[in-house]
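The structure appears right after this line, and notes come after that.
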Number of protein chains: 2
Amino acid sequence: MGAQTGSVIVRALRLLGAFSPEQPELTLTELARRAGLPLTTAHRLVSDLASWGALERDGDGRYRIGLRLWETASLAPRGLGLRELALPFLEDLSQVTQENVQLAVRDALDVVYVERIAGRTAIPVLTRVGGRFPMPPTGVGLVLLAHAPAEVQEEVLAAPLARFTDRTIVSPRLLRQLLAEVRRTGVAISDRQVTIDAVSVAAPVYGPAGTVVAAISVVVHAGDVPPTTLVPVVRAAARGISRTLGTPTLRR
Amino acid sequence: MGAQTGSVIVRALRLLGAFSPEQPELTLTELARRAGLPLTTAHRLVSDLASWGALERDGDGRYRIGLRLWETASLAPRGLGLRELALPFLEDLSQVTQENVQLAVRDALDVVYVERIAGRTAIPVLTRVGGRFPMPPTGVGLVLLAHAPAEVQEEVLAAPLARFTDRTIVSPRLLRQLLAEVRRTGVAISDRQVTIDAVSVAAPVYGPAGTVVAAISVVVHAGDVPPTTLVPVVRAAARGISRTLGTPTLRR
DNA sequence: GGTGCTCTTCCGGATACCGGAAGTTCGGTC
DNA sequence: GACCGAACTTCCGGTATCCGGAAGAGCACC
């Protein structure tokens, strides 16, 4: 009944996973339904989670993610840790371009946005810090996919590619070519593939092991400036972050 | 043996709590020791946590907080949620003053910093996003303590007050007076109580229920400007955030 | 090839987890 | 103000599943 019962821990984590940006506060009943658990079971697990501070209880009895969990999770090297190191470079990039700047990492088959700085005059974008998005159509996603393990690439290429605009690349063959070009040139340009008015220019960030661990991008209004003019500054910022992370080949 | 056992979930959460800013990556053995669990037990629980993405495994076998947990925790209303709403006001404050700006909430008997913007010319401060600090000596802490439930205040006043500088208030009687003044004036000024060269000016942020849910502060070098000149701008920013949160008395 | 360390697998035993049933609280309705 | 339904909380016997010692695998260093 409900969902296949995992171990207690997995069940508890499913409860945490029941929260979403649209519904950051849930009642016990909603929580139980979303996690596919009997109400009584959910009640017991939720009590445990709340006693530690992973969940908090609102005045009107609803539950929400607790500060303690946020605090602990802020130690994630690929989350806040990465953000802290990259922030100065991102801010410089934001100052120089006056556009939206983004920092993202790959998790499974998605892009996860770690930081986003909204430019003064910049166009609104769909992304949210902590949010997910498919890799293929985004600038940062192209960079991350191009440098992902072969099996990840194959899995993405095997599935149907979601279409967002009439310029979204949906042909696996074209995407494969594009990825090869991204590897060759060291930058990715997504031209109106997500929304019809946005172009993004992205570059890879390297970690201490010399592998690509993140990507940054600048998102501009289509037609404002030739995207290629942004390549040097994006690349420079990415190199700066890589150096701060301790990339071996950049050290000196 | 080790620590009092507790339920499985609490044990698993203790494993997450074993990470610290100084040690964001731990081996299985370190994790087990810190959480006070037998190695075998830790091994099993950690596997469950990792399978969901709450923990990730490094190349060399160490564990760290996983991106999935960070992503989920970013839904905490008192964490990233609050930060997102407050950020524009904090940035304005930072632009105007060119000093360090901080946003914090109370958790149990501590201040937890939710955001910190470093000013261009500002002095370095001890705080870190996601970090904890005792309430009494800090500006934000004074605000939060002054508006905390009576039992929280009593608990803080009953314990010995930690001394940081020779201006740190360690007398419960003086602190009590100061808290009353904070409630009366609506702002708190911590004058060289944390470090000998820093003064902070703080104001309360109100939530939808009309209670104090957070505090913001500006930290300046002692002697640079009279702290009182900063009061209006800090208060204005705090009111702006309160309004965005939907404080009833400010609505219009 | 011995020694010490960390990590992983195995498995019998009992503990603490499970979840239906019943009780409580709360708010809305006639 | 009594009734009703929904959401939450407590209770408790049966047993699934969690526990953790023991043993073994992998690795680095002497």
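To find a chain, count down the sequence lines: A is the first, B the second, and so on, and within it residues start at 1. Fair warning: this is a prediction, and the values are worked out from it, not measured in the lab.
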- Ion pair Arg176(B)/Glu181(B), N-O distance below 4.0 Å: no
- Given dC8(D), is OP1 or OP2 found less than 4.0 Å from the side-chain N or O atoms of Thr29(A)? yes
- Message: Does dC18(C) have its OP1 or OP2 closer than 4.0 Å to a side-chain nitrogen or oxygen of Thr41(A)?
- Response: no
- Task: Look at the side chain of Leu28(A) and decide which nucleotide, out of dC8(D), dC17(C), dG20(C), has an atom nearest to it.
- Result: dC8(D)
- In whole angstroms, how far is the C1' atom of dA7(D) from the CZ atom of Arg62(A)? 12 Å
- Message: So Arg57(A), base contact, sugar-phosphate only, or nothing? Heavy-atom distance under 4.0 Å.
- Response: sugar-phosphate
- Query: Heavy-atom distance under 4.5 Å between the side chains of Arg78(B) and Glu56(A), does that happen here?
  - Reply: yes
- Message: Measuring from atom OG of Ser7(A) to atom CG of Leu13(A), what distance do you get when rounded to the nearest 0.5 angstrom?
- Response: 8.0 Å
- Roughly how far, to the nearest 0.5 Å, is the CG atom of Leu39(A) from the CG atom of Leu28(A)? 5.0 Å
- Query: Could you write nucleotides 22-30 of chain D as a row of B, S and -, 5' to 3', where a protein heavy atom under 4.0 Å of any base atom gives B, of only sugar-phosphate atoms gives S, and otherwise -?
  - Reply: B--------
- Query: On the ring face of Trp52(B), is Arg68(B) found with NZ or CZ under 6.0 Å from the centre and within 45° of the axis?
  - Reply: yes
- Message: On DNA chain D, compare the nucleotides closest to Thr27(A) and Ile9(A); which residue's is nearer the 5' end?
- Response: Thr27(A)
